[in-house]
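Reviewing the structure listed below.
Not measured: the values here are computed from a predicted model.
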Amino acid sequence: MAFSNGGSLMETDNHKKREGEGEDEEEDPFLAFIEYARSVISPEEDEDPSGNEEGYNGAGWSWIASRILKTCISYSSGVTAAILLSDLSQAWSEQRRVGGSKKRPEIIDQMKRKHRRAKLPNTVTIDSIYEKNFLSLSSVLEAVVVDAHVLPGTNIYMLTLGDYWSSNTIDLYLHRRYYDLVDPPNGILKKAREIFLTGCYLRTAKEGCGSPRLLPTEYLVILLDEDLDDDAILIGAQFCSDSFSSISHDGVKNGVSYSLYARIESISSLEILEQCGGLQRKQITLVDNDGVKLRFLLWNEQVILANLISVGSMLALDRPYIAIAAESALETSDEFCLEYGTATQLYLVPFVQHEEQVCLSSTQNRTQGSKLHAAADPTQGPKVSQVSLPCDSQGSIDFSNYPFQLFVADLHGKMTGISLYGVVRDVFRERETAGVIFLLKLEDSTGSIWAKLHFSQSWSLGRVSVGHTAYISGLTCSKTKQDRFELSWCETDDGASFINLSCLPALVNSSCLHKLSRLSDLSSRRNSMHICRVWIDQVDHCHVTTRFSHAPCGHFVKEMPSGAVECSFCHCDCDSEVVMRAFYLKLTLADKNTKIFAWCTGQTAMELLQISPDEFYELSEDEQVMYPSSLENERFIVALVNCKRLAVHGSRDSQTPEADAVSWEITRALKCE
């Protein structure tokens, strides 16, 4: 589809008629290493031998890609295959050790067979508590009661807890507000009961007992299962006689106890009420079976209770405190609000994400298994036809742990946790919208698509421009009313990352992640990033100037007719922003066979010129003219990208504003010793 200003900015282009297409496409070394690493840390025996990866336990493609890039950022001087594989193996072993199957109490093994619930965000394991000898108050324990008993010679109840991921168990001193629920052997808090708890203090072994124990916490939620007869009877008998509509002023004033059952519709973010002395508050919107809504309010230290619940789950509240809005300082139109009182007990029927079988497209079947792996064992062919992925209550499928690389051609509506790798074909700020939103067009070997990038305050990704190779995770894909796909990305979302490989310092000195190109290869493969060994040639044609650039994005600023200074990329007033002097450098690069004219700015230009912009600016005019002559025949390893925009109908111009008529940008440079 062609992009036009009048249409949707989110359009895929799967009909690639590009300059240079038709020639054999070489495998991207970075992608090849990801596949090779996957074969090393997640061997074939981890897969279901039937070929259906419903039980797949290997590392997801995006996990490996993100981990490799994270290591590259940590080792800015470069990485080796040994460094990357060692880091990946260690990280994957740690993840499997914490989350994998272990020997545990038999009752938990029996229950685990039907366990389908996803972990809560702040969940820690019992094994990790023993290892770290530490537990934060905001941590969540998803536990199973292994035993409930009274400490000999006391009236103190103790619960022995296990979880689905640990071989250890830990004892909890039960808070007295739950004593009426633990009366052995018929109490609800008995063996095999699941509970969530938070706000726990850890009593370590050195503080007086033989092993770590958890001190009493008020913040405990008891899980119910509507498919179990006893739990279904409890819900029907205790929580279905009252509804939100049955709450009355007289009942509240006379101390009537209510037991309520409702679905969690939303959970607000944390609020700080300055007008109330800095009170903290979280609001949970509940909807009962009649469709009536009430707010359940958590105050100050109670807000950590929200870590134990999730949207879509059913919450049962026994004896909640009921606040009459007219008689309190609550600013609300509701007649009543629910609060967590001293006698309140909470029960939860968790929302369970259903898994959906996702058939692999021809893209994945075509790209499964790297050439490196195939070369080692040619008999290894694609074995996987479908995988099971989490699906939320809205029908959106989470692809964050998808085993293989996703391509533009694989995208469809209701996809979350998407990771894409490709070349930036255009990027600019959306001007007439609320908030800070940039539009970026990303292209891979199957097509291109526009994405909306949402920032909380301002652009925060450093220099990104046409031709740069980027890895983006945490994308969401939906379908618009015009039946077009739309990608969105928010920098504050969990799992969201944006890494510009073209500007990654480690890349040019990491031979395992690139293949050296000759300058003559550039004309035949214009859509790729190239790493080349070159020297500076024809210094008499070298053009060096200094300009001011906008530090957050690395693009040049311009003075407006009003006298204000504006970033050419962010289109924001830079008077109060960080503006710094930067090089604008155009020069000739050469190797044994070819010469090209290229440009660069920022840190890359400093690496080539071996002087800072401020130092260069302080030189006399004659010294500035003569300076490039000292660099002739200096040798470098450089990263080169084609910064010329593709001639697409509706595009704003043919290349980046900084590039003028130069087609190639040097994005990184490293001086050869």
Side-chain angles (χ1 to χ4, degrees), residues 19-20 23 26 28-30 72 76-80 423-424 463 465-469 500-545 554 582-613 616 624-644 655-656 658-673:
E19 185 177 357
E23 299 160 13
E26 287 197 3
D28 186 311
F30 176 72
C72 287
S76 58
S77 60
V79 295
T80 63
V423 177
V424 176
R463 179 172 170 77
S465 194
V466 173
H468 292 193
T469 297
N500 185 350
L501 279 77
S502 299
C503 296
L504 203 59
L507 189 66
V508 293
N509 204 28
S510 302
S511 59
C512 59
L513 300 180
H514 71 250
K515 178 182 178 183
L516 284 175
S517 299
R518 297 175 301 227
L519 292 180
S520 57
D521 296 331
L522 272 59
S523 60
S524 61
R525 295 198 298 275
R526 292 180 173 270
N527 297 336
S528 304
M529 176 174 59
H530 297 270
I531 309 297
C532 305
R533 288 184 178 271
V534 297
W535 63 82
I536 298 175
D537 198 28
Q538 296 180 334
V539 292
D540 51 324
H541 293 132
C542 184
H543 175 79
V544 187
T545 60
F583 282 119
Y584 175 47
L585 172 63
K586 292 188 286 188
L587 75 172
T588 301
L589 301 178
D591 63 10
K592 293 181 180 179
N593 303 308
T594 315
K595 298 178 182 180
I596 66 160
F597 200 49
W599 77 278
C600 62
T601 185
Q603 182 64 34
T604 303
M606 290 173 59
E607 292 284 350
L608 291 168
L609 294 173
Q610 302 167 53
I611 190 173
S612 73
F616 182 84
Q624 289 183 2
V625 171
M626 294 298 297
Y627 185 83
S629 62
S630 65
L631 305 174
E632 189 162 20
N633 296 323
E634 290 276 12
R635 295 178 179 271
F636 296 88
I637 301 176
V638 297
L640 290 162
V641 302
N642 185 359
C643 58
K644 185 176 181 180
Q655 63 259 337
T656 61
E658 296 94 335
D660 295 334
V662 184
S663 296
W664 294 97
E665 179 188 356
I666 311 166
T667 57
R668 292 303 306 182
L670 177 68
K671 191 176 185 297
C672 295
E673 298 298 336

Q) What heavy-atom pair brings M626 and S629 nearest, and what distance separates the two atoms? A) O-OG, 2.5 Å
Q | Minimum-distance pair of heavy atoms, taken over all atoms of S663 and N642 | A | O-OD1, 3.0 Å
Q) Heavy-atom distance under 4.5 Å between the side chains of L631 and Q610, does that happen here? A) yes
Q.
Quick check against the 3.5 Å criterion: does H514 have a side-chain atom that pairs as donor or acceptor with the backbone of L507?
A. yes
Q) Looking at residues at least two apart in the chain, or sitting in another chain, which of them share a salt bridge (charged side-chain N to carboxylate O under 4.0 Å, His left out) with D591? A) none
Q) Looking at C643 and V662, what are the two nearest heavy atoms and their distance? A) SG-O, 3.4 Å
Q) Has K671 got more than 12 heavy atoms of other residues, nucleotides or ligands less than 6.0 Å from its NZ? A) yes
Q: Work out which heavy atom in R533 is nearest to a heavy atom in L516; give both atom names and the distance.
A: NE-CD1, 3.6 Å
Q: Quick one: pull up OG in S520 and CD1 in I596 and give me the separation to the nearest 0.5 Å.
A: 11.0 Å
Q: Take T667 and N500 through the test side chain to side chain contact (heavy atoms under 4.5 Å, CB included) and record every step on the way to the result.
A: CA-CA 10 Å; T667 57; N500 185 350; over 6 Å; no
Q) Going from NE2 on H541 to CZ on F597, what distance comes out if it is rounded to the nearest 0.5 angstrom? A) 8.5 Å
Q. Taking all non-hydrogen atoms of both residues, which atom of S502 and which atom of A639 are closest, and how far apart?
A. O-CB, 4.3 Å
Q | Heavy-atom side-chain proximity of C542 to L585 below 4.5 angstrom | A | yes
(Q) Could you measure the distance from the SG atom of C600 to the CZ atom of R668? Nearest 0.5 Å is fine. (A) 10.5 Å
(Q) With a 4.5 Å cut-off on side-chain heavy atoms, are R463 and Q603 touching? (A) no
Q: Could you check if a side-chain atom of R525 sits within less than 4.5 angstrom of a side-chain atom of S517, using non-hydrogen atoms only?
A: yes
Q. So which heavy atom on V508 is nearest to which on L670, and how close?
A. CG2-CB, 3.9 Å
Q) Can you find a heavy atom in the side chain of T594 that is under 4.5 Å from one in the side chain of L522? A) no
Q: For the pair L501 and L513, evaluate side chain to side chain contact (heavy atoms under 4.5 Å, CB included) and give the outcome as yes or no after the intermediate values.
A: CA-CA 11 Å; L501 279 77; L513 300 180; over 6 Å; no
(Q) I want to check something: taking the side chain as every heavy atom from C-beta on, are I666 and L587 in contact at a cut-off of under 4.5 Å? (A) yes
Q. Under a 4.5 Å cut-off applied to non-hydrogen side-chain atoms, are E665 and W599 in contact?
A. yes
Q: Say whether, by atom type as modelled, one donor and one acceptor occur between the side chain of T469 and the main chain of V423 under 3.5 angstrom.
A: no
Q) Just by distance, do the side chain of S510 and the backbone of V79 share a donor-acceptor pair under 3.5 Å? A) yes
Q: Report yes or no: does D537 contribute a side-chain atom to a donor-acceptor pair with the main-chain N or O of T588 at less than 3.5 Å?
A: no
Q) side chain to side chain contact (heavy atoms under 4.5 Å, CB included) between T604 and F583: does it pass, once the steps are laid out? A) CA-CA 9 Å; T604 303; F583 282 119; over 6 Å; no
Q | Reported CD-to-CG distance for the pair E634 and L608, which is rounded to 0.5 angstrom | A | 10.0 Å
Q: Taking the side chain as every heavy atom from C-beta outward, state whether F616 and L609 have any pair of such atoms under 4.5 Å apart.
A: no
**Q.** Spacing of L589 atom CG and R635 atom CZ [to the nearest 0.5 Å]
**A.** 12.5 Å
